[in-house]
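One structure below.
In what follows, chains are A, B, ... by sequence order, proteins preceding strands, each numbered from 1.
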Amino acid sequence: MDLRFTGEEQAFRAEVRAFIRAHLPAGFSQKLKQGRKLTRDEQTEWTRILHAKGWSAPHWPVEWGGTGWDPVKQMIFRDEIQQFPAPELLSFGVSMVGPVIYTFGSEAQKKRFLPRILTLEDWWCQGFSEPGAGSDLAALKTRATREGEHYILDGQKTWTTLAQHADWIFVLARTDPAAKKQQGISFLLVDMKSLGVTLRPIEMIDGSHEINEIFFDSVRVPVENLVGEENKGWDYAKFLLGNERHGQARIGLVKARLRRIRELAAGVPDGGRPLLENHTFRRKLAALEIQAKALEMTLFRVVADERDHEKGKPNPATSILKIRGSELQQATTELLMEVIGPAACLHHDDAGPEGYDWARGSMASYFNLRKLSIYGGSNEIQRTIIAKQILGL
Amino acid sequence: MDLRFTGEEQAFRAEVRAFIRAHLPAGFSQKLKQGRKLTRDEQTEWTRILHAKGWSAPHWPVEWGGTGWDPVKQMIFRDEIQQFPAPELLSFGVSMVGPVIYTFGSEAQKKRFLPRILTLEDWWCQGFSEPGAGSDLAALKTRATREGEHYILDGQKTWTTLAQHADWIFVLARTDPAAKKQQGISFLLVDMKSLGVTLRPIEMIDGSHEINEIFFDSVRVPVENLVGEENKGWDYAKFLLGNERHGQARIGLVKARLRRIRELAAGVPDGGRPLLENHTFRRKLAALEIQAKALEMTLFRVVADERDHEKGKPNPATSILKIRGSELQQATTELLMEVIGPAACLHHDDAGPEGYDWARGSMASYFNLRKLSIYGGSNEIQRTIIAKQILGL
Amino acid sequence: MDFTLTEEQQLLKDSVTRFLGDTYDFAARTTILATPEGQSAAVWAGFADLGLLGLPFSETDGGFGGGAVEIMLVMEAMGRALVVEPYLAEIVLTGAILRHAASVEQRAALIPALAAGECRMAFAHADPEARWHLAHVGTHAARVRGGYKITGEKVHVPFGAQAHRLIVSARTSGLIGARTGIGLFLVEADAPGVTRIEHRTQDGARIADITLSDVFVPDEAVLGDTAGALPAIERAYDEVIAALASEAFGVMDEAVSMTVEYLKTRQQFGVAIGSFQALQHRAAEMFVVLEEARSMAAYATMALSETDAAARSCAISAVKAHIACAARFIGQQAIQLHGGIGVTMEYKVGHLFKRLTVIEQQFGDRDHHLDLLANAESLLESL
Amino acid sequence: MDFTLTEEQQLLKDSVTRFLGDTYDFAARTTILATPEGQSAAVWAGFADLGLLGLPFSETDGGFGGGAVEIMLVMEAMGRALVVEPYLAEIVLTGAILRHAASVEQRAALIPALAAGECRMAFAHADPEARWHLAHVGTHAARVRGGYKITGEKVHVPFGAQAHRLIVSARTSGLIGARTGIGLFLVEADAPGVTRIEHRTQDGARIADITLSDVFVPDEAVLGDTAGALPAIERAYDEVIAALASEAFGVMDEAVSMTVEYLKTRQQFGVAIGSFQALQHRAAEMFVVLEEARSMAAYATMALSETDAAARSCAISAVKAHIACAARFIGQQAIQLHGGIGVTMEYKVGHLFKRLTVIEQQFGDRDHHLDLLANAESLLESL
């Protein structure tokens, strides 16, 4: 047992950090620190920079453009990206649909879609959630009816993140209406430019346009865009969700935010002295740093444990990372907002460069990140998973 | 709306306080501050002092020895007793079985039992809980079978507080085994000296002997000791439990403990200066004082609301007082233990007058008071009551 | 001890509730937010008609002689409806400054117009460096012939860019942070040397940053003692925090009601999600917190009649610390139990959460007030 | 990064677990607690046979060359079984003082007997006024011919009344609280001037208050630098806190297991209470806290190899603050979910809770360590 990183791992970390420092376009990092969104072009630009280095899909098989890194290196890479902070890879293509395609897709699908994910030529979005089916995903109602060489897709998806930028959407749709809840579902790849696809933006409480509703009105989807077998889509969806092993901890973001809090507090006046000298504040910051350490050590243990885990099989320990990761991200945005103090309430659009740039986005980030304990299997669902799958209750 | 006490109420408070100061036997208050138990004789002595003043059953009807005080005065009386601190009235007789007897009992029962409760000539204990029925009280199995002019009582009760001192026990027993869960239960008054009653002390985690198991082995109970009607005992039990309206807040004890914490902290050394000067500690104390204020104001509202509430009908708002009252009592014992610091771990029997008298009982009280969120309807049960009865979920 | 409302109080409560019910549903509010001013002149006129704008002022001053209980009732209703109009800032806070610092003549000159909604006023106090320390006044008032010249920066003045008149606190002597040496000055909003920049806030209100440079204020526009205004300011802030606590209770009450209703109607896994025990217990905890918040709002209301200023401020700090905690818990849980719909702008609960978040920090967050309390005497012994 | 055990480590873990499984069930422990000594000589001899008593000492010193990982494994097992014998205090803490402060000759003289269980030793450090401040040493060592005379009071010395030899910290110079001027002295427990009073503690252990009055210690019984012992003491305390974290994890692991088992078997309202969602989620939260505690115990173990003392102490304070919180949460919830039976002496879970409560405070409670950390550099940047 040796809990420290090996020399090779440390060297790898330094390499990643140096690469980011050398290649990340100016301004990206500051934007992320302020909780602002990158544009589609900026995300694409960065993805292609990583792709040129061969790093745009680290966990993929080498034959499809992956790196061959072990789970520890993958974690280090992600951690450095988050800590810098640099933009994370867009998960919908690289982490979600990509592995489904290279595991269950046809050769034609692999050749057609995978290379375009690596370069973000195709921006994907996720068509799982529906208005009537939140945490109860399998209650979905969207239908796909076979007509000759097409499926006719009808229904509605919601909470579709960044769909406004998307070229493609992967959709769970019911192909056998007679089958029981989890059965009779298929996994379809749908071109967003298809006739009958419409999109309604949903404004989030932070004022951002991040999520959307998507309506399918007799959309014709070629049968070649069915992944794997008809009516087996639920299995692929479970595989997709089970691949999310340790990404949800996002500890790098937490560390970056804690550093920003300390940096800000050194400059925030608190009636004559900097807030950073206030013992109450210092205790709160220290308490969060401790929690971050506990989560990070737990992440290390889960990642080290990866080696023994079958790929694509859900590891219930990841529920711990989801719960604590989201809580800690939320707790750090709370403290970020508290540091800013009275200026935190300024609307971020108004807090322009003239005066309040330092305060920008703190309350908006706090609002926005309430989503973390809701989506991706709410924290209540995660507790049930732990109770049932780990504790056997 | 005037949330302050009236002049009359303030005068009453002063009168109660003066009476306690003048009449409470020496040493009682210190014993209570240290979380130690009074002896049976001490409890009796104090009850008789109150009885001589006409205050040993404040909420009873005047004809049976009560005071005629309104709910506000009853609350003030209780608050002053707790704050002093002086011993509280033993609830089993005065608050539990007494009201059942004067409401549902026969004239003979009233004449026989009520006067002896006022003077603590009879020490009562409560025979409700059973090993297999904790929060699920109605799952009780103790049986009472009618044989001529007697019931033959068989079964087992547990968690019976201070039964080692008791002369009488009131018992819920199943008289109709064929009836459904809450039906077929009767309310019996049982002489602890009856043949077939045995008692096994249970040692609590603080080392105290406070609770017991009681075994009934063919105990003969005269039918005249049946309260009200046979098989209606569940109604009387609900009445009894519903009478517990605001006593569970025990805010006076919380205030007394907070004062003791402050007093101790002024003398506890923390590496060169008194702990009371430590800002972290002062914040914790202030935070608990705030919570105490919130609970006290809520208590005031519930008590003021009493006037509009039918007696004996459960008021679900009392669940708030139970939850927060127990939590706050527990939180203050935590802080009491923290103030003491390293000496808190001393076993209280050993922490004799030679050196550690100031530290006595802090950790033991903390251990002992874990019971508060368990008994009297666990806090989980209380949350369910609020969800169902108040929120309609 | 009496928690029942008088007939007049009940009437007031009913009329405010009815007025807001008629004019201020979620859609109406959304429309108001989208206007350039971010507030409705019609609603403000309605408040004037109802007598709300003159409520806290004595009848001799041209008001309606309402006390802390009346303000409590109004603010609860404002909270439920998420009113963005600055009743709290303009009538409660600025009004309190007038009541406690202005002379009889000044009050006679200002209050009737304020109560009629004709003159809009704002209190400009916060210094950019103050955070929430009330004595941290950096703006300077220099004695000149016939008056003062005021220079400095004020931030976060509620609807300050739309006010006709400002009351500005400024230092006539002493170091920044000193308790003495602070005066109050009535400034015409369009006076030479006044610059105002308006910002929107996350809860839909507007605030202004105001720069004063050599703004001349004649002697007759000085309110009270030029060096001894801090006690009046502190009292005014205690009053506004008490009112804020009642508003917060109103917002929380609405959030809890909406959440419980949602739990009853939203179906998942084939049942109403309110049948899940974990969610039931969470809702129960929200209810307990709500009831405590109601109690603390009442306590704040009561504390305002305390004559010992230190005891009063202790009690108010206790309330603000408590309310901030309650607001965070209830706001977060309301969102969590609503799930996805809670984090959208399309549903009222998100706006309740946003208002609660701003309330947490307004006039000092939990840490600030708990620090004040930790440095003061025991709350137990004070009130 | 590698979390797997070596073959030797696995063997050690298995043998300790097996030994305690055979000799130290709840009934056996209860019997031991009831003896006059409150510890079992047989168990201690068993530890010696297993090589546990010599574990942390180098082979040159007569030990087995175990490191922090080995101690972690042993302490976890001790925690699960609620061992009252003072392995933590005597082998880990006192042992660390010997390792870091004693000379080669002193180690050669003392360690073999300690490792054999023949000489029982205790470290007497805590001052009655110190609370948990390690530099707050009031006991005084005055220079006399051929040695020192020591006078002062030491409190809370684990099993100190039963020790044959004591290591006593005392001030040779400087004011109380100063970081320099502290020395370490080996004192025969029966030396003239030593008085010991034994107390029981709430978790079943024994501690002693020790008074030293003019106790003569010859020069050769001085351990290390007579004025520079604090760094060694701090290092020893860091080591014992790391070991305590592993013990705490063992206790919590047992508490969580017992609670989950109880939820599965205890019937109420006609079903196992583990079917209630509110209790399921509570158990899930306990599990999350437990897993984090396991992580932090590992982190502490890793931190001991850090050469920068400040960074090491930061990490250890972080662990202690975290473990104290976890211990309180898991202890309280284990009791709550057990209900009535949890608050009796008759069931192991109450004893686990009691031990966890003492662990919270041992060597500094959460507030103490969080204050230390708040005053130090950022944990993020240190390790």
*Kindly say whether C/His281 contributes a backbone atom to a donor-acceptor pair with the side chain of B/Arg383 at under 3.5 angstrom?*
no

*Count the heavy-atom pairs under 4.5 Å between each of B/Ile390, B/Ile323, B/Ile290 and chain C, then report the option with the highest count.*
B/Ile290

*Please look at B/Arg262 and chain C and tell me whether the side chain, the backbone, both or neither of the residue comes under 4.5 angstrom of a heavy atom of that chain.*
side chain

*Indicate the atoms forming the closest heavy-atom contact of B/Ala294 with C/Ser295, along with that distance.*
O-CB, 3.9 Å

*Specify which of B/Arg282, B/Arg301, B/Glu380 makes the most heavy-atom pairs with chain C at under 4.5 Å.*
B/Arg301

*Does B/Ile386 reach the side chain of C/Glu285, with side-chain heavy atoms less than 4.5 Å apart?*
no

*Between CG on residue C/Leu380 and CD on residue B/Glu296, distance to nearest 0.5 Å*: 8.0 Å

*Heavy-atom pairs under 4.5 Å with chain B are the metric here; pick the option from C/Glu291, C/His322, C/Arg366 that has the most.*
C/Glu291

*Could you tell me whether the side chain of B/Lys388 and the main chain of C/Gln280 form a donor-acceptor pair under 3.5 Å?*
no

*Using a 4.5 Å cut-off on heavy atoms from C-beta on, say whether the side chain of C/Glu292 contacts that of B/Met297.*
no

*Using non-hydrogen atoms and a 4.5 Å limit, figure out which bit of B/Ile385 sits close to chain C: side chain, backbone, both or neither.*
neither

*Distance (rounded to the nearest 0.5 Å) between C/Arg282 CZ and B/Leu393 CG*: 13.0 Å

*For B/Gln382, is it the side chain, the backbone, both, or neither that has a heavy atom closer than 4.5 Å to a heavy atom of chain C?*
neither

*So what's closer than 4.5 Å to chain B heavy atoms on C/Gln277: side chain, backbone, both or neither?*
side chain

*asked:* Minimum heavy-atom separation for C/Leu370 and B/Ala286, please, with both atom names.
replied: CD1-CB, 3.9 Å

_Contacting region of C/Arg294 [heavy-atom separation from chain B under 4.5 Å]_ = both

*Got a sec: does the CD of C/Glu377 have more than 12 other heavy atoms crowding it under 6.0 Å?*
no

_When you compare the side chains of C/Ser378 and B/Glu289, does any donor N or O come within less than 3.5 Å of an acceptor on the partner?_
yes

*Pick whichever of B/Thr384, B/Leu391, B/Leu258 has the most heavy-atom pairs under 4.5 Å with chain C.*
B/Leu391

*Interface moiety of B/Arg283 toward chain C, non-hydrogen atoms closer than 4.5 Å*: both

_side-chain contact (heavy atoms from CB on, under 4.5 Å) partner of B/Ile320, the single match among C/Val288, C/Leu290, C/Val289_ = C/Val288

*By a 4.5 Å heavy-atom criterion (distance strictly below it), what part of C/Ala293 contacts chain B: side chain, backbone, both, or neither?*
neither

*asked:* Taking side chain as everything from C-beta outward and backbone as N, CA, C, O, which of these in C/Val260 sits under 4.5 Å from a heavy atom of chain B? Side chain, backbone, both or neither.
replied: both

